[in-house]
Each structure stands twice: as structure tokens, then as C-alpha cells.
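The structure displayed is predicted, hence computed values, not measured ones. The first residue in the sequence is number 1, and the count goes up from there.
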Amino acid sequence: MSSAWDAPDTDHRDTAGVTADGAAWLASAGTYPRSTLALWEERPHAPVVLPCGSVFDVVSAPAVFGRLMLDRLWDDGPGSGPVAAFRGRMLLFAAPGTAQRLPSLLDWEEWTADGRRDGRTGTVPPLLCHGNGDAVTVPAPLASEDSGATRWVTAPDTRHPWLPGPEILLWAAVRAARAAVRISISHASDPDAKVYDVSRRR
């Protein structure tokens with residue numbers, strides 16, 4: 001089922017590829033890191049499937065909402081860890097344990113559809129949290145013309161990258177949802193519609 005959050009990411013910002021240290025960090029998540037590195041030496045344009053939970057967790061957001069989260073992390077917050085675009089979604093690499101904690105934080109803060117009992121809009125869209133027991137496909141270290149929408153947005157470049165935890169991603173998701181509400185209000189569908197400022201109560 002599609003939604004407004006499923007629109008493709010139109011920001012084609014070029015980033016450097018994964019460094020040797022970044023590739024070593026990614027490969028360390030797998031059972032056979034040396035085999036993964038050997039595969040990448042032979043085929044640097046090949047994506048691989050890596051397990052989550054020990055080296056990193058992954059929070060997968062719809063592309064547009066994921067871009068809003070990144071904007072908050074980069075512009076107002078501490079920055080982000082590695083981030084990839086994959087099949088219309090943003091994969092935010094996070095600290096291990098984030099996948100288990102983030103959904104309960106969002107529910108507790110009532111920013112999910114389930115948490116909003118009064119039906120208010122402006123909720124965080126469903127985030128797919130991949131942790132212990134899950135695996136994700138990560139883009140190849142080097143992008144190719146065939147990779148299309150599967151690419152690194154922020155490529156790993158160190159053996160010990162900083163990874164945001166659940167509280168930081170909660171902060172980014174809530175602010176992204178608020179930004180989305182402001183954007184939808186400011187772009188009225190009817191150009192002749194009257195818009196009233198209701199932010200000040202009398």
C-alpha cells in the first residue's frame with residue numbers, strides 16, 4: 001500500500017564510495033568477513049546481504065521521510081552514521097539495540113498511528129527496524145550505472161563509525177514529522193483558499 005512517503009528520493013547528491021576501512025567495518029558484521037572483502041575486491045559493484053544486531057542495526061524509512069530525518073540530523077543534530085538509499089527507502093545505520101528500542105519509544109511518545117488514539121495527523125510513518133536476527137542488503141562499495149536508486153548517501157569511511165541510538169533517531173523522526181506537517185500546510189491545494197493563522201490563541 002503506497003503513501004505520500006513512498007515518493008522517490010530526488011536528491012542525487014554525489015558521495016565518495018566506501019573506503020577500505022568502511023568496507024572492513026561493513027564486512028565485520030558478517031560471519032565470514034574475509035570472504036566478503038575478497039568478493040568486493042573482485043566485484044566492487046556487488047551489493048551484499050549482511051546480518052544486523054551485532055555491528056549495526058538498520059532503520060528503514062520511506063524515501064521522503066528518511067530525507068527529512070537526515071535533514072534534521074545533519075542541520076540541527078549530531079549528524080548521521082552511514083546511510084544508504086535502497087529501492088525507494090532510506091537505510092539509516094544505527095547502534096545495535098536501536099531496532100528493539102525505537103518502536104517502543106515512538107509508541108510511548110504517541111508518534112505512531114497506533115499510539116495516536118485521537119486520530120490526529122502528523123504521525124511518523126511506519127519505520128522498519130532491523131536488528132538481531134534480521135539481515136539487510138547493503139549497496140556495493142562502488143556505485144555503478146546499473147545501481148540506480150541503490151547507492152550510498154553517506155558511505156562508511158572508518159572502522160568505527162559513530163552510529164545514532166534510538167533516542168537520537170526518535171528526536172529526528174519527531175522533528176521530521178513536524179516539518180512534514182508544516183510543509184503540507186504551507187502548500188494549499190486550492191490557490192484561492194483562505195489560510196488563517198491559528199497559532200495564537202486569544
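- Between Pro78 and Trp162, the closest heavy-atom pair is CG-CH2, 3.7 Å.
- Between the His45 side chain and the Leu142 main chain, a donor and an acceptor come within less than 3.5 Å of each other.
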Exercise for the section: Evaluate the criterion side-chain contact (heavy atoms from CB on, under 4.5 Å) for residue pair Arg175 and Asp76; output intermediate values, then yes/no. Expected result: CA-CA 10 Å; Arg175 277 154 184 79; Asp76 305 324; 5.8 Å; no
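- The neighbour count for Gln100 CD, taken as heavy atoms of other residues, nucleotides or ligands under 6.0 Å away, does not exceed 12.
- Note that CG of Asp157 and CH2 of Trp152 are 11.0 Å apart. Values are rounded to the nearest 0.5 Å.
- In this structure, the separation between OG1 on Thr154 and CG on Leu70 is 6.5 Å, given to the nearest 0.5 Å.
- In this structure, a donor-acceptor pair under 3.5 Å is absent between the side chains of Thr158 and Trp25.
- Partners of Ser54 by side-chain contact (heavy atoms from CB on, under 4.5 Å), not counting sequence neighbours: none found.
- Closest non-hydrogen pair, Gly81 versus Pro164, comes out as N-CD, 3.7 Å.
- Contact detail for Val83 and Ser80: the closest heavy-atom pair is CG2-OG, 3.7 Å.
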Problem - Trace of the side-chain contact (heavy atoms from CB on, under 4.5 Å) decision for Val138 with Phe93 - result: CA-CA 10 Å; Val138 301; Phe93 285 69; 3.7 Å; yes
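- Asp107 CG to Leu102 CG: the interatomic distance, rounded to the nearest 0.5 Å, is 9.5 Å.
- Residues passing the side-chain contact (heavy atoms from CB on, under 4.5 Å) test with Ala29, sequence neighbours excluded: Val55, Phe56.
- Under the side-chain contact (heavy atoms from CB on, under 4.5 Å) criterion, Pro51 pairs with no residue, sequence neighbours left out.
- Remark: side-chain polar atoms of Trp40 are paired, donor with acceptor, to backbone N or O of Ala46 under 3.5 angstrom.
- Of all heavy-atom pairs between Pro139 and Ala85, the closest is CG-O, 4.4 Å.
- Smallest separation of non-hydrogen atoms from Val59 and Cys129: CG2-SG, 4.3 Å.
- Once rounded to the nearest 0.5 Å, the distance linking CG of Leu50 with OG1 of Thr36 reads 6.0 Å.
- Leu128 and Ile168 fall into different hydrophobic clusters, where Ile, Leu, Val, Met, Phe, Trp and Tyr are joined by side-chain heavy atoms under 4.5 Å apart, directly or via other members.
- With contacts defined as side-chain heavy-atom distances shorter than 4.5 Å, the pair Pro62/Arg89 qualifies.
- The structure places NE2 of His130 at 11.0 Å from CG of Leu92, a figure rounded to the nearest 0.5 Å.
- Summarising the geometry of Ala94 relative to Leu169, their closest heavy-atom pair is CB-CD1, 3.8 Å, with the distance given to 0.1 Å.
- Judged by distance alone, with hydrogens and angles left aside, the side-chain atoms of Asp57 form a donor-acceptor pair with the main-chain N or O of Ala99 at under 3.5 Å.
- Atom CH2 of Trp171 sits about 10.0 Å away from atom CE of Met69, to the nearest 0.5 Å.
- Using modelled atom types, no side-chain atom of Arg72 and backbone atom of Ala176 make a donor-acceptor pair closer than 3.5 Å.
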